[in-house]
Amino acid sequence: MEMTKRKLLNGARFLSFTLDSESYCIDILKIKELMGMTAITPLPRTPAFIRGVINLRGQIIPVIDLRLKFGLDFRAYTKRTCIIVVEVVSEGASMLLGVVVDSIQDVVSIPEEKLSKIPYINARIKSEYIRGVAGTPEGMKIVLDVLKVLSEEELAVVKNTAEVQTETKEQQITK
């Protein structure tokens, strides 16, 4: 039992999830919250992958759909669809961002030496989004660098739309 715990503690820990039958991971230290699918308020004049915003305990959080960001077809949300709330940094300030995934699998430990850098995975996912690939007992996992999934310009659009929504909400409250 003790040996198993020690093995689990070796290496970084990642949350694994699926998108279109492929298994991905995000560094667990970047994740602030996991939540089931909830109503998303759409935003006008934003790219299709920006699904809108949600209200999480009074905080307006922009939500992106990774399927759409990676060029996959939209799939209707189900009871297994989840939003992973991650912390990203844009222009020196941190912000929360919701990321829609098909389903969450589990937490896996991947030692840094098991993480292989590869220049190309497939045409859909740009290599700069990927920290590496690792073999685990559950199969191959693509480890995403959540901080690089959105470009600085896209992060600025997301941040601005969230700020506008927050200001609009505050104005409605004061009326």
Side-chain angles (χ1 to χ4, degrees), residues 8 11-90 93-110 121 124-125 129-131 133-134 136-150 154-155 157-170 172-173:
L8 282 174
R13 295 173 55 102
F14 298 88
L15 178 71
S16 68
F17 60 90
T18 59
L19 279 180
D20 204 35
S21 303
E22 288 189 39
S23 192
Y24 296 87
C25 294
I26 294 178
D27 186 337
I28 206 157
L29 296 176
K30 304 279 188 262
I31 298 171
K32 295 300 173 191
E33 188 157 340
L34 302 175
M35 56 190 294
M37 204 58 209
T38 187
I40 299 173
T41 304
L43 297 172
R45 298 184 303 273
T46 57
F49 68 87
I50 300 175
R51 299 302 294 162
V53 293
I54 59 172
N55 184 331
L56 182 63
R57 293 185 291 286
Q59 186 173 3
I60 303 299
I61 299 174
V63 177
I64 67 165
D65 189 320
L66 270 188
R67 290 182 67 82
L68 299 178
K69 176 63 181 161
F70 290 164
L72 301 170
D73 292 332
F74 177 78
R75 180 181 292 167
Y77 299 143
T78 67
K79 63 181 180 182
R80 294 198 41 88
T81 306
C82 294
I83 298 175
I84 302 171
V85 179
V86 296
E87 187 172 21
V88 295
V89 177
S90 172
S94 70
M95 64 180 266
L96 295 180
L97 176 69
V99 179
V100 177
V101 299
D102 291 349
S103 66
I104 291 176
Q105 292 176 310
D106 55 5
V107 175
V108 295
S109 291
I110 302 173
I121 298 241
R124 290 187 186 135
I125 303 172
Y129 302 165
I130 299 167
R131 218 170 114 189
V133 176
T136 68
E138 298 81 31
M140 290 300 286
K141 305 278 186 190
I142 300 169
V143 180
L144 294 179
D145 186 340
V146 75
L147 301 178
K148 294 183 181 173
V149 169
L150 294 180
E154 291 168 336
L155 271 173
V157 167
V158 167
K159 185 177 179 184
N160 290 340
T161 55
E163 287 171 357
V164 167
Q165 287 296 312
T166 302
E167 289 168 10
T168 303
K169 183 181 177 209
E170 287 171 356
Q172 289 171 346
I173 291 171

Colleague: Can you name the residues that form a ring-ring contact (aromatic ring centres under 6.0 Å, His included) with Phe49, not counting sequence neighbours?
Modeller: none

Colleague: What is the minimum heavy-atom distance between Ala48 and Leu68, and which atoms define it?
Modeller: O-CD1, 3.5 Å

Colleague: Could you tell me whether the side chain of Ser16 and the main chain of Asp106 form a donor-acceptor pair under 3.5 Å?
Modeller: yes

Colleague: Might you point out which heavy atoms bring Ser23 and Met140 nearest each other, and give the distance in Å?
Modeller: CB-O, 3.8 Å

Colleague: Please list all pairs meeting salt bridge (Lys or Arg N to Asp or Glu O under 4.0 Å) that have one or both residues in residues 23-44, counting only residues at least two apart or in different chains.
Modeller: Asp27-Arg131, Lys32-Glu87, Glu33-Arg57

Colleague: Would you call Ile60 and Asn55 a side-chain contact if the rule is heavy atoms closer than 4.5 Å?
Modeller: yes

Colleague: With a 4.5 Å cut-off on side-chain heavy atoms, are Arg75 and Thr81 touching?
Modeller: no

Colleague: Under the 3.5 angstrom rule, does the side chain of Arg80 hit a backbone N or O of Asp102 as a donor-acceptor pair?
Modeller: no

Colleague: A side-chain contact here means heavy atoms from C-beta on lying under 4.5 Å apart; do Lys69 and Val99 qualify?
Modeller: no

Colleague: Got a second to check how far Ile50's CD1 is from Leu43's CG, nearest 0.5 Å?
Modeller: 7.5 Å

Colleague: Just verifying a value: how many Å separate Ile40 CD1 and Ile61 CD1, rounded to the nearest 0.5 Å?
Modeller: 11.5 Å

Colleague: Of the options Val100, Leu66, Ile142, which is the one that meets Leu19 in a side-chain contact (heavy atoms from CB on, under 4.5 Å)?
Modeller: Leu66

Colleague: Would you please say whether a donor-acceptor pair under 3.5 Å links the side chains of Asp65 and Tyr77?
Modeller: yes

Colleague: Can you measure from CZ (Arg67) to CG (Asp20) and round to the nearest 0.5 angstrom?
Modeller: 4.5 Å

Colleague: Rounded to the nearest 0.5 Å, what separation is found between the CD1 atom of Ile64 and the OG1 atom of Thr46?
Modeller: 11.5 Å

Colleague: Quick check for you: to the nearest 0.5 Å, what is the distance between Leu144 atom CG and Ile130 atom CD1?
Modeller: 6.5 Å

Colleague: Aromatic rings Phe17 and Tyr24: how do their planes relate, parallel, tilted or perpendicular, breaks at 30° and 60°?
Modeller: parallel

Colleague: Might you work through the side chain to side chain contact (heavy atoms under 4.5 Å, CB included) test for Leu34 and Leu15, ending with a clear yes or no?
Modeller: CA-CA 10 Å; Leu34 302 175; Leu15 178 71; 3.4 Å; yes

Colleague: Which atoms form the tightest heavy-atom contact between Ser103 and Thr18, and what is the distance?
Modeller: OG-OG1, 2.6 Å

Colleague: Can you see which heavy atom on Ala39 is nearest to which on Ile54, and at what distance?
Modeller: O-CG2, 3.5 Å

Colleague: How far apart are the closest heavy atoms of Ile110 and Ala134, and which atoms are they?
Modeller: CG2-CB, 3.5 Å

